[in-house]
Amino acid sequence: MTADAETDEAAAETYTASVVGGTGFTGGELLRLLAGHPNFEVVQATSRSADNMTVGRSHPNLRGLDLRFSDPDDLESVDVLFAATPHGVSMGRIDEFFDAADTVVDLSADFRLPEADAYDEWYDGHESPEYLERAEYALPEINRENLPGADLIAGGGCNATATILGLKPLVDAGALGPETGEVVVDVKVGSSEGGAGGGAASSHPERSGVVRPYAPTGHRHEAEIEAYLGLSVSFTVHAVDMVRGASATCHVFPDGPVSKGDLWGAYRDAYADEPFMRIVSGGGGVYRYPEPKSVAGTNHGEVGFELDPGNRRVVVFSAIDNMTKGSAGQAVHAANVALGLPETAGLEFDGLHPVGSP
């Protein structure tokens with residue numbers, strides 16, 4: 001069989017899928033993407049609170065989907081199980097998940113750090129540390145070579161994803177490393193990051209109009225950035241008045257001189273062949289730098305930069321939709337790679353313009 005024939009055969013494969021934790025925002029985004037995916041058939045979505053209710057009752061954009069939520073204790077046998085559950089659930093049920101599925105894609109923080117010691121430091125320990133070595137980080141832009149054939153895929157955190165995508169080209173180019181330069185990261189995120197049960201701080205009257213520091217120091221995603229970029233960063237997160245989106249502004253102070261040409265070379269080398277990455281750096285028009293509004297609802301990530309030679313500073317900008325590129329879209333992208341499907345399958349939506357608040 002020729003390589004083209006093998007590719008065509010892979011593209012024609014159909015896999016059954018389930019979404020555990022389907023009533024949350026991320027679960028709904030997964031269902032939206034999988035329902036439109038040419039290679040997935042969604043056969044189950046689970047929820048304790050909405051057992052036997054239609055998916056469209058929780059996600060009105062999916063009212064046309066003929067599917068009802070079922071009890072998460074009664075898992076059907078599927079090819080791929082996507083877990084959109086709160087932190088701590090998947091690590092306690094991972095054996096059950098593998099009894100039900102050949103491949104597990106977990107969107108929580110349960111398997112995204114490679115070492116159990118990191119969970120002791122940043123979380124509350126780990127129930128199933130023996131699975132950590134087996135897990136592969138979901139972000140294809142930094143881990144594509146390890147995803148084919150992976151049966152446990154760990155989704156990245158949205159704030160970490162935005163930061164990693166912005167800084168990765170400088171690390172690859174040798175401009176940043178454990179011993180080179182200071183990095184200060186400021187992330188602005190939308191209210192959907194808090195989930196469907198985000199609490200009082202996420203209610204509309206309290207969230208509307210704010211630019212609220214909610215993690216000035218010690219955010220858990222620092223561990224993820226250090227694990228996959230080898231960088232220690234000074235990291236702050238603000239909640240802002242948008243629904244979707246994560247925007248990272250990274251202030252980088254390299255030890256040596258960096259030119260504008262060096263920056264363009266580094267970012268083009270890193271992302272020229274990436275199907276979902278765009279370089280947006282000071283061009284014409286209204287949207288001169290990366291903005292969450294430009295990628296809302298899509299699996300695209302935008303990166304850009306400016307040079308501040310007087311202060312020996314590089315300012316790096318990156319923007320993603322936290323629900324898609326930062327979560328559900330990243331999970332589907334990684335599953336595509338793991339299963340040998342076309343990378344862009346089910347993720348071709350390019351967004352809308354103009355749109356309101358994302």
Side-chain angles (χ1 to χ4, degrees), residues 15-22 24 26-27 30 44-46 48 71-161 164 178 195 218-232 326-328 330-341:
Y15 296 89
T16 56
S18 62
V19 174
V20 178
T26 300
L30 271 171
Q44 185 179 30
T46 76
R48 294 191 192 281
D71 192 306
D73 290 331
D74 299 324
L75 297 177
E76 296 186 25
S77 179
V78 292
D79 297 314
V80 185
L81 183 151
F82 293 86
T85 53
H87 173 66
V89 173
S90 290
M91 68 172 73
R93 299 193 64 196
I94 188 63
D95 290 327
E96 295 174 60
F97 289 170
F98 273 114
D99 286 342
D102 297 323
T103 302
V104 174
V105 185
D106 181 59
L107 278 69
S108 78
D110 282 12
F111 300 99
R112 65 174 60 143
L113 299 179
E115 303 292 338
D117 288 350
Y119 283 93
D120 293 335
E121 179 180 354
W122 292 92
Y123 293 88
D124 301 312
H126 204 287
E127 253 182 86
S128 305
E130 66 275 15
Y131 280 94
L132 294 177
E133 187 175 347
R134 179 173 174 178
E136 291 294 344
Y137 194 58
L139 190 61
E141 287 81 3
I142 70 167
N143 197 38
R144 179 178 282 103
E145 67 277 9
N146 294 319
L147 284 169
D151 64 355
L152 177 56
I153 297 169
C158 60
N159 300 322
T161 294
I164 287 169
H219 194 287
R220 289 170 168 176
H221 288 188
E222 288 183 31
E224 207 173 323
I225 296 163
E226 185 165 358
Y228 295 104
L229 285 187
L231 293 178
S232 179
S327 189
Q330 181 182 145
V332 172
H333 188 186
N336 286 345
V337 177
L339 298 170
L341 300 173

Enquirer: Does some side-chain heavy atom of Leu231 sit less than 4.5 Å from a side-chain heavy atom of Glu226?
Expert: no
Enquirer: Is there a donor-acceptor pair under 3.5 Å between the side chain of Asp110 and the backbone N or O of Gly88?
Expert: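 Between the backbone of Gly88 and the side chain of Asp110 there is a qualifying donor-acceptor contact (under 3.5 Å).
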Enquirer: Out of curiosity, Glu121 CD to Glu222 CD, how far, rounded to the nearest 0.5 Å?
Expert: 10.0 Å
Enquirer: Taking all heavy atoms of Ala331 and all of Leu107, pick out the closest pair and write down the distance.
Expert: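 Looks like CB-CD1, 3.6 Å.
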Enquirer: Provide the closest heavy-atom pair for Pro178 versus Gly230 in the form atom of the first, atom of the second, distance.
Expert: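 So the minimum-distance heavy-atom pair works out to CG-O, 3.3 Å.
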Enquirer: Hey, are the side chains of Leu81 and Gln44 touching, using non-hydrogen atoms and a 4.5 Å cut-off?
Expert: no
Enquirer: Tell me the closest heavy-atom pair linking Ala17 and Phe82, and the distance in Å.
Expert: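 For Ala17 and Phe82, the tightest heavy-atom pair comes out as CB-CE1, 4.2 Å.
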Enquirer: For the residue pair Gln330 and Gly155, what are the closest heavy atoms and their distance?
Expert: OE1-C, 4.0 Å
Enquirer: Considering non-hydrogen atoms only, spot the tightest contact between His219 and Trp122 and give its length.
Expert: O-CZ3, 3.2 Å
Enquirer: Over 60° means perpendicular and under 30° means parallel, so tell me whether Tyr137 and Tyr228 are parallel, tilted or perpendicular.
Expert: parallel
Enquirer: Should the heavy atoms of other residues, nucleotides or ligands under 6.0 Å from CG of Asp124 be counted, would the total exceed 12?
Expert: no
Enquirer: Working to the nearest 0.5 angstrom, can you tell me the gap between Arg93 CZ and Leu75 CG?
Expert: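 Spacing of CZ (Arg93) from CG (Leu75) equals 5.0 Å.
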Enquirer: State whether the side chain of Thr46 and the backbone N or O of Asp71 hold a donor-acceptor pair below 3.5 Å, judged by distance alone.
Expert: no
Enquirer: May I ask you to test the Leu30-Val332 pair for a side-chain heavy-atom distance under 4.5 Å?
Expert: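 SC-SC contact between Leu30 and Val332 confirmed.
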Enquirer: Is there a side-chain contact between Leu339 and Asp79, using heavy atoms and a 4.5 Å cut-off?
Expert: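 Leu339 does not reach Asp79 side chain to side chain.
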Enquirer: Nearest 0.5 Å please: distance from the CG atom of Leu132 over to the CG atom of Leu152.
Expert: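 It is 8.5 Å, given to the nearest 0.5 Å.
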Enquirer: Assign the ring pair Phe111 / Tyr131 to parallel, tilted or perpendicular, where the plane angle (0 to 90°) is split at 30° and 60°.
Expert: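 The rings of Phe111 and Tyr131 stand perpendicular, inter-plane angle above 60°.
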Enquirer: Measuring from Leu341:CG to His333:NE2, what's the distance to the nearest 0.5 Å?
Expert: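 Reported value, rounded in 0.5 Å steps: 11.0 Å.
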Enquirer: Taking the side chain as C-beta and beyond, is there a heavy-atom pair between Leu113 and Tyr123 under 4.5 Å?
Expert: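 Leu113 reaches Tyr123 side chain to side chain.
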Enquirer: Under 4.5 Å between any side-chain heavy atoms of Thr103 and Tyr15, yes or no?
Expert: no
Enquirer: So, for Ser77 and Thr16, which heavy atoms are closest and what is the spacing to 0.1 Å?
Expert: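 Taking every non-hydrogen atom into account, O-OG1, 4.5 Å.
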Enquirer: Is it the case that over 12 heavy atoms from other parts of the model lie below 6.0 angstrom from the CD atom of Glu145?
Expert: yes
Enquirer: Just by distance, do the side chain of Thr85 and the backbone of Gly21 share a donor-acceptor pair under 3.5 Å?
Expert: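 Between the backbone of Gly21 and the side chain of Thr85 there is no qualifying donor-acceptor contact (under 3.5 Å).
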Enquirer: Any carboxylate oxygen within less than 4.0 angstrom of a Lys/Arg side-chain nitrogen, looking at Arg134 and Asp151?
Expert: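 A salt bridge is present here (some side-chain N lies under 4.0 Å from a carboxylate O).
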Enquirer: Do His221 and Arg112 make a side-chain contact, defined as non-hydrogen atoms from C-beta onward lying under 4.5 Å apart?
Expert: yes
Enquirer: Measuring from atom CD1 of Ile164 to atom CD of Glu224, what distance do you get when rounded to the nearest 0.5 angstrom?
Expert: 5.5 Å
